Amino acid sequence: MSTIRILEATVANQIAAGEVVERPAAVIKELLENSLDAEAHRVTVDFSRGGKAQMIVEDDGKGMTGDEALLSLERHATSKIQLASDLDRITTFGFRGEALPSIASVARFTMQTRPASAPSGTEISINGGKLVHRRDHGMAPGTRIEVSNLFHPVPARLKFLKSDETEAAHIVRLVRLYAIAHPEVGFLLREDGREIFRSPGNAPLLDRVREIWGRQVAGEVTIMPAFARPGMRLSGLLGKPGVSRGTRQDLVTVVNGRPVDSRTMAFALTESYHTLIPKGRYPLAFVFLEMDPAWVDVNVHPAKREVRFRDEAKVRNFLIESVLAVLRARADDGLPVATIPAVVPASALTASVPKTVSAPVSVSGVTPTYVPPSAPAHAPAVRLGWRLLSRLREERAVFETPTGLAILDIGAAHQRVLYESILAQFTAQKPVSQPMLVPLSIELEPLPAAVLKERLPLLASAGFDFEEYGRNFWRIQALPAWLEPEAALGFVRDLLAEMARREGDFGRPSLAYDALAKIAVIKARRKGDSLSDAELMELVQALFRTVQPGTCPRGRRTYVEWTDADLTRRFG
Ligand code: ADP
Ligand code: MG
């Protein structure tokens, strides 16, 4: 083999690696999938420094002979398909034969492997795509792959990696998904030798969710019995009515043992819950769909988890019918369907701030927690001269103004007032904080937990006091005064999800405060019919003390006005 050919192969692999391994978690994904394809009963994953320093995946699967092991590092070497027509019936995770050579081309890579039939194993070591050594290695049957110094051979890619904690969070999320998807396999995940979770194979699903996802989540779901249609089978766990999330983080969908993203499935699940959780929120679910592999298309982008179904409508209907059957049956058990929606907002925690906001008294400024200490001091008592003429449905009110006629959008006005009062507290650098007599406790997914750690100073400056008391367990000792304790957990979850989604916006304090205040008011929109006339007038007064009375924080108008001249023209 000439030098030039080796270089070409390495470069080709590094290019392929750009697609296959974007971050440490993607390496773990490929290795895990190989272990599962090799019919392992036990898989152990170890990593350190977010996987950047080292990742090890060890299994007790089929293993490889020395020659197979060498071959497995060639591009397009796969034992899993032979013909293009096999692509229609893929039952294994891998089939491209790209992962191992790609990973080995951008890291230091050591594979030890032994099939049960061979007396001993082989060790192959590769650095940046070049063979370092191949030798015999005594070991139990199975395969152990160690990847260290990821991206050192391609430094340009190193700088795209996020903090150790964020990368670690991605790894933890990934291994959890695979562990949930494979009940027959025992999983152990460790970071720097510390156990993150361990789940023995063959435990009932609810137990696995408790081990892998945590006790809090396990308490929020109930068992969904199995449903079947010709060629399809569905089972899993469903979130209790009223339990919801701001992202799809706990909407876990598994198709034929593969954790997947499926718009169709997410949509069907969210649809089924539509009166049970607030709009724009996602239910909690662990749903397992099994179907003929010929009906599923997994041959999409290597790094993505998306699947497509040959008949999307069929899958969607099956899901909706099954989930609704479960939810209805539950309703028959004493929770009448009609009352569920009414129950929801209170228990869902999701309405976040509105409790504070919707107490009319807070608008008037009587609640000391509502008005920022600095605001009323220099707030001029504006004499607006607006006179309330009438309510217009629930959302609006009509006023006579000194120059004409105005229609106020009560919800939008509310949001503007609340937004500026929260912002004023932030910028005053003295957030009004309410200590909790009994600290709230919250268990966070690794990703939100990493975000929380990164943003602790910001949150402290906004009036939050968080304390970590175990891996991913946090105590909330104090809240900003504008946040109702009952709404706090939901608010914090939403906030962290939003922070993870819009990393950039939360880097600079001014942007961060703005984003935080916007999140705080986003669900503050409310019906106006619970405000008395006097409170409505106070809202108008407060609105015109804000910097931008004309719009809500998201730019919708708070009122429209017709001057007398406008009106004259219209009659003219
Ligand atoms: P693919 O999974 O697409 O076939 P990979 O590059 O991931 O491609 O792996 C190449 C081949 O190496 C696999 O087809 C399989 O035969 C073998 N292999 C990889 N990992 C393992 C493992 N943990 N145990 C047994 N065989 C493995
Ligand atoms: Mg593979």
Side-chain angles (χ1 to χ4, degrees), residues 9-10 12-22 24-46 55-84 86-87 89-107 109-118 120-126 129 131 134 137 139-147 150 174-175 178 181-182 185-188 256-259 293 298-305:
T10 301
N13 287 331
Q14 286 177 345
I15 292 167
E19 274 185 63
V20 182
V21 286
E22 34 171 9
V27 172
I28 304 242
K29 170 177 181 280
E30 295 296 337
L31 300 181
L32 261 187
E33 292 188 344
N34 282 345
S35 295
L36 294 169
D37 282 346
E39 288 160 18
H41 298 290
R42 265 181 305 112
V43 182
T44 303
V45 178
D46 280 278
M55 296 174 270
I56 302 172
V57 175
E58 189 169 2
D59 66 53
D60 63 351
K62 285 198 285 213
M64 287 173 270
T65 64
D67 289 346
E68 284 170 343
L70 257 193
L71 190 61
S72 75
L73 292 157
E74 294 285 329
R75 268 196 105 190
H76 304 306
T78 178
S79 57
K80 299 169 194 173
I81 59 168
Q82 290 172 1
L83 304 169
D86 291 345
L87 281 171
R89 309 195 55 87
I90 289 169
T91 51
T92 54
F93 284 110
F95 53 85
R96 291 185 179 82
E98 276 183 341
L100 293 188
S102 301
I103 296 166
S105 73
V106 293
F109 179 97
T110 305
M111 170 155 75
Q112 295 157 348
T113 184
R114 179 192 151 191
S117 56
S120 84
T122 308
E123 177 178 285
I124 292 177
S125 173
I126 292 181
L131 185 66
R134 170 195 172 171
H137 178 78
M139 62 184 289
T143 302
R144 178 185 190 274
I145 290 178
E146 178 178 338
V147 175
L150 182 66
L174 178 104
V175 180
Y178 279 83
H182 281 268
V185 180
F187 277 80
L188 170 57
N256 293 344
R258 186 187 285 266
V298 291
N299 193 7
V300 284
H301 190 280
K304 298 267 165 63
R305 298 200 297 132

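Note that the structure is predicted; figures quoted are calculated from it, not measured. We're numbering straight along the sequence, starting at 1. Atoms within a ligand are numbered from 1 in the order they appear, just like the ligands themselves.
Screening T113, D60, N34 for a side chain to side chain donor-acceptor pair (under 3.5 Å) with T143, the sole residue that qualifies is T113.
Under a cut-off of 6.0 angstrom, the local environment of CZ in R134 is crowded, with over 12 non-hydrogen atoms contributed by other residues, nucleotides or ligands.
The shortest N or O to N or O distance between L100 and ligand 1 is below 3.5 Å. The N/O atoms of D37, backbone and side chain alike, include none that comes under 3.5 Å of an N/O atom in ligand 1. The N/O atoms of A99, backbone and side chain alike, include one that comes under 3.5 Å of an N/O atom in ligand 1.
The closest donor-acceptor contact from the side chain of E68 to the backbone of T65 lies under 3.5 Å. Without hydrogens or angle criteria, H182 side chain to G257 main chain gives a donor-acceptor distance under 3.5 Å. Using a distance-only test at 3.5 Å, with no hydrogens or angles considered, a donor-acceptor pair links the side chain of R114 to the main chain of M139.
Residue contact check for ligand 1: K62 places no non-hydrogen atom closer than 4.0 Å to it. Heavy atoms of E98 approach ligand 1 to within less than 4.0 angstrom.
If you look at D59 next to ligand 1, the close heavy atoms, those under 4.0 Å, all belong to the side chain. By the criterion of a heavy-atom distance under 4.0 Å, the side chain of T143, and not its backbone, is placed next to ligand 1. If you look at A38 next to ligand 1, the close heavy atoms, those under 4.0 Å, all belong to the side chain.
What you find for A107 and V147 is that their closest heavy atoms are CB-CG1, 3.6 Å.
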